[in-house]
Protein chains: 2
Amino acid sequence: MTMSTPTPAERALPLRERKKLRTRKALADAALRLFLDRGFQETTLDELVDAVEVSKRTFFRMYESKEDVAMAAELELWDAYVAEVAARELHGPVLDFLRETLVAAITGLGEDWDRRFLATRGLIARTPVLWDRSLLRSITVQARLVNELETKLGVDSRDDVRLRLLGEVSLAAWRCAAKNWISGRGYDGPQGPREKLGHWKGPGGSTQLIRRVEDAFHAIPDSLTLTAP
Amino acid sequence: MTMSTPTPAERALPLRERKKLRTRKALADAALRLFLDRGFQETTLDELVDAVEVSKRTFFRMYESKEDVAMAAELELWDAYVAEVAARELHGPVLDFLRETLVAAITGLGEDWDRRFLATRGLIARTPVLWDRSLLRSITVQARLVNELETKLGVDSRDDVRLRLLGEVSLAAWRCAAKNWISGRGYDGPQGPREKLGHWKGPGGSTQLIRRVEDAFHAIPDSLTLTAP
DNA sequence: ACTACTATGCCACTGAGTGGCACTTCTTGA
DNA sequence: TCAAGAAGTGCCACTCAGTGGCATAGTAGT
């Protein structure tokens, strides 16, 4: 386990918690490295656990499954998203709220996350079981979001359908955005070429990801009226 | 393995195929019975396989996983849906097309399916792993649908986002519909009380399911403009 | 009947995930 | 400062889905 200079936030936590977070992070880092190197299926949990010098039992106290540790970066995003939704005031169109909040969550995660997430999505894209799990997580987070929004709006179960649909649509937009972000490098979205933008965090960076997200959200109304000749 | 009077469609198939389909069905039936009786997690594959007097190896030639055999009825629906989409002419609003086709697929599956599907959804609702798997399948079918629609429409990858979003939204509507169908028995949708309808296949029948589907699809445009005070 | 072919059975094996208990390490309160 | 007590960890045996390989039995075509 490598030592690193603890952030102020870490310092505030009791020693026990800090240690726990450190092995948690060590597991995620080693997992990403091993999986990228040898492949997800090809790497066994025992190998991962040996590399971090932790028992398998401890691993399962940190992560629910082998898939989850590979997608640790994505799980961080979802936690940030839900927290952001809970923290923000809600008024105006809910769909806009969900988009803005998602963008805010991405922005708030920093550059290190940026790199890890890019690598993670690459791994997910070429590993079917991870792809499935990622899909599933994106739907599960929708339930958490809708739950939060219900409290905020105080809706009864009658309006439920609309709210749930809205959650589904938002996460659907996310999935489209994330897919395009990884696969389509040379694509200029409806907002025109990117060179004019000025500062952005390089190819595949979170700035590009955010643009994909906004493109996808903006495409929603049009998609509903899509008509065949 | 119980014998039953073969339908004309079955008679057309070679003997080998018929046998295969029969064990396939026997597995699905026994699985549903056992899982409903003892619970999904509590029943092992070996027990199921023993009950049908088939080897475990054979089981995995029929179904991909333990989850899949429990959701056999749902898989039938998805196959029917995709087939229906492939068979129909496409013109007019694509969202309407997807709704109508889904309704047609449900209608075409018959009363036996009706009963099995109701039981299946009940099982899914109280079994987390099945719930997850069902969610996943509903997203996977979306990929198949979009694929089919792409061929029909001849769209380039630029329009892809809209088409994919449309697929996502449709399946999202389905998930809402299916959830409400199982959980909310006493709920009168926006189309008014049901007693006036005349013929329908009883509580939880596919006629009710279809109404849920139509309600959910109709709620889509409204949900997008949902606004907080 | 003879030959493809293909579905099935059998069996050993992998590997994720769990339960239980002993052990170590941190926290807390007197 | 030191003794509980709590929380985290390691070890080990176990369950059970899912797979690979090969022998066998039943089916289709000639």
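In what follows, chains carry the letters A, B, and so on, assigned in the order in which the sequence lines appear, proteins first and then strands, with residues in each chain numbered from 1.
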How many whole angstroms separate atom CG of Asp46(B) from atom C1' of dA17(D)?
9 Å
Within a strict 4.5 Å, meaning less than it, do heavy atoms of the Arg126(A) and Leu36(A) side chains meet?
yes
Where the side chain of Arg57(B) is concerned, which of dG21(D), dA16(C), dG19(C) is the nearest nucleotide?
dG21(D)
Check whether any side-chain heavy atom of Ile139(A) lies under 4.5 Å from a side-chain heavy atom of Arg175(A), and answer yes or no.
yes
Roughly how many Å is it from NZ in Lys56(B) to P in dC11(C), rounded to a whole number?
13 Å
With respect to the side chain of Lys20(A), which nucleotide from dG10(D), dT9(D), dG18(D) is positioned closest?
dT9(D)
Are any of the side-chain heavy atoms of Ile124(B) and Ile182(B) separated by less than 4.5 Å?
no
5' priority, DNA chain C, between Thr58(B) and Phe60(A) [closest heavy atom]:
Thr58(B)
Starting at CZ of Phe40(B) and ending at P of dC16(D), how long is that distance when rounded to a whole Å?
13 Å
Might you confirm whether atom CD of Glu64(B) has over 12 heavy atoms from other residues, nucleotides or ligands at distances under 6.0 Å?
no
If the glycosidic angle is within 90 degrees of 0 it's syn, otherwise anti, so just tell me which one dA4(C) is.
syn
Tell me, do Glu168(A) and Ser223(B) make a side-chain contact under 4.5 Å, heavy atoms counted?
no
Could one point to a donor on the side chain of Arg61(B) or the base of dG9(C) with an acceptor on the other under 3.5 Å away?
yes
Measure from CZ on Phe59(A) to C1' on dC11(D) and round the result to the nearest Å.
18 Å
Tell me if the CD atom of Glu42(A) is crowded by more than 12 foreign heavy atoms within 6.0 Å.
yes
Parallel, tilted or perpendicular: which fits the ring planes of Phe117(A) and Trp113(A), with parallel below 30° and perpendicular above 60°?
parallel
In this structure, how many angstroms lie between the C1' atom of dA17(D) and the CD atom of Glu42(B), rounded?
15 Å
Canonical and wobble pairing (Watson-Crick, G-U, under 3.5 Å) of DNA chain D, dot-bracket with |:
||||||||||||||||||||||||||.|.|
Can you tell me the distance, in whole Å, between the NZ atom of Lys19(B) and the C1' atom of dG9(C)?
13 Å
To the nearest angstrom, the CG-C1' distance between Leu48(B) and dA17(D) comes to 13 Å
For Glu47(A) and dG15(C), what is the distance between atoms CD and C1' respectively, to the nearest whole Å?
11 Å
